[in-house]
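What you are looking at is a predicted structure, and each value in this text was computed from that prediction instead of being measured.
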There are 2 protein chains.
Amino acid sequence: MEIKVLEGVFDANEIVAKENRGILDKSGTYMVNMMASPGAGKTSLIVKTLEGLSGDLKSVVIEGDIAGKVDAERVSDTGTEAIQINTGGSCHLEAKQVNTALANLSLEGIGLAIVENVGNLVCPAEFKLGEDLKVMILSAAEGDDKPLKYPLMFSESDVLIVNKIDLIPYTNFNLEKLKETVIKMNPGVTIFEVSCTNGDGISEWVEWLKKRIKG
Amino acid sequence: MEIKVLEGVFDANEIVAKENRGILDKSGTYMVNMMASPGAGKTSLIVKTLEGLSGDLKSVVIEGDIAGKVDAERVSDTGTEAIQINTGGSCHLEAKQVNTALANLSLEGIGLAIVENVGNLVCPAEFKLGEDLKVMILSAAEGDDKPLKYPLMFSESDVLIVNKIDLIPYTNFNLEKLKETVIKMNPGVTIFEVSCTNGDGISEWVEWLKKRIKG
């Protein structure tokens with residue numbers, strides 16, 4: 001019985017995700033779904049990405065949080081339009097919520113929509129939103145054993161961004177070990193190493209994204 | 001309809017949580033529910049806590065993870081009995097799973113059972129397990145804005161342990177600001193500041209816990 005309910009939820013979600021895909025294709029908007037643990041640096045990376053892309057294309061950001069609007073305010077401060085979804089207790093975004101957000105945005109001339117999912121390494125990996133690219137961020141401070149404990153997120157993501165690499169010297173984080181583990185689980189993954197604090201690696205990620213959007 | 005299903009889930013969970021409470025009361029076992037984001041240091045803190053308590057009382061650990069058994073192995077290496085629950089995709093532990101674990105442990109003479117919940121700041125806060133104490137761990141590397149984004153976890157916890165305080169000098173984490181925010185949301189909370197890496201603050205937490213267990 002319980003499994004049937006879950007299948008229903010996923011099936012219903014997929015129908016709306018396809019609808020989102022249609023809306024985005026019509027306006028020529030590329031959509032990125034950003035997922036990570038709380039405090040891995042999703043908002044910081046989004047802000048850095050927007051700064052890096054600002055001369056090239058117009059973006060919007062869809063912020064998903066249980067409560068509050070601190071992230072939307074941080075994005076809005078960069079001059080980019082942001083819309084906040086409060087999930088009211090739910091630990092992930094679903095396609096339906098993104099659908100509502102898309103209906104409330106003017107997508108004409110918008111090249112990129114970035115969705116910041118709820119901070120969680122579990123359920124966001126299970127719900128398609130209609131995105132072109134699934135990006136997960138891992139903070140180096142979280143440790144290199146995370147792929148073994150949250151396998152779906154690491155194997156579902158197209159891109160893994162290892163953030164806070166400036167903290168590596170003060171931890172026992174082993175970057176080579178992490179990359180080896182992730183590539184075994186997900187051979188097609190593209191990995192970037194960045195620090196939103198000192199800017200290291202950001203331009204490599206932004207240039208790569210730019211090519212993907214145009215490609 | 002959806003809300004009714006959720007209420008059903010919570011009600012059913014509460015019945016089993018009370019059953020767990022009865023089992024623990026019978027054997028005189030104190031139970032701690034440890035919750036945190038992925039990579040905040042739950043397992044490290046559990047290991048340090050077990051070391052600190054080793055001369056005083058016998059403990060068991062119930063490990064909750066989506067997949068794998070790396071945490072149970074780390075605990076087992078300390079000589080403490082550990083049992084691993086794999087939630088098979090679910091982002092939190094429920095009382096039922098802890099009930100099964102308790103049935104598979106010999107609780108006679110066990111003073112403390114530590115439950116390591118799935119790494120997640122959202123749903124674990126909603127499911128009672130029958131615990132005496134809800135402890136949440138926040139890694140300083142996650143940032144001081146987390147209470148505003150995950151309010152239920154911060155307001156439901158009896159204890160907040162700020163871990164990785166050795167990393168604070170390399171981040172913009174403001175400990176006073178964090179404490180102010182959390183105390184406003186949850187005036188009864190007890191806060192500890194620790195580093196599992198260099199051992200700072202661990203003995204204060206262990207001594208406090210010892211008193212709570214005996215009290």
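Summarising the local packing, NZ of B/Lys179 is surrounded by more than 12 heavy atoms from other residues, nucleotides or ligands at distances under 6.0 Å. Crowding of A/Asn172 atom CG: a count of heavy atoms from other residues, nucleotides or ligands under 6.0 Å not exceeding 12.
At least one side-chain heavy atom of B/Leu167 sits less than 4.5 Å from a side-chain heavy atom of A/Thr171.
If you tally non-hydrogen atom pairs under 4.5 Å between each of B/Ser90, B/Ala40, B/Cys91 and chain A, the highest count goes to B/Cys91. Interface summary for chain B: among A/Gly41, A/Ala67, A/Gly89, A/Gly143, the most heavy-atom pairs under 4.5 angstrom belong to A/Ala67.
Contact residues of residues 119-132 of chain B toward chain A are B/Gly119, B/Asn120, B/Leu121, B/Val122, B/Cys123, B/Glu126 (heavy-atom distance under 4.5 Å).
Separating the CG atom in A/Leu148 from the CG atom in B/Asp65 is a distance of 10.0 Å, to the nearest 0.5 Å. Note that CG of B/Asp166 is 11.0 Å distant from OH of A/Tyr170, once rounded to the nearest 0.5 Å. With rounding to the nearest 0.5 Å, the separation of OG in A/Ser37 from CD in B/Glu142 is 7.5 Å. A distance of 3.5 Å separates NZ in A/Lys149 from CG in B/Asp71, rounded to the nearest 0.5 Å.
If you measure heavy-atom distances from A/Thr43 to chain B, the contacts under 4.5 Å come from the side chain alone. With a threshold of 4.5 angstrom between heavy atoms, A/Pro151 approaches chain B through side-chain atoms but not through N, CA, C or O.
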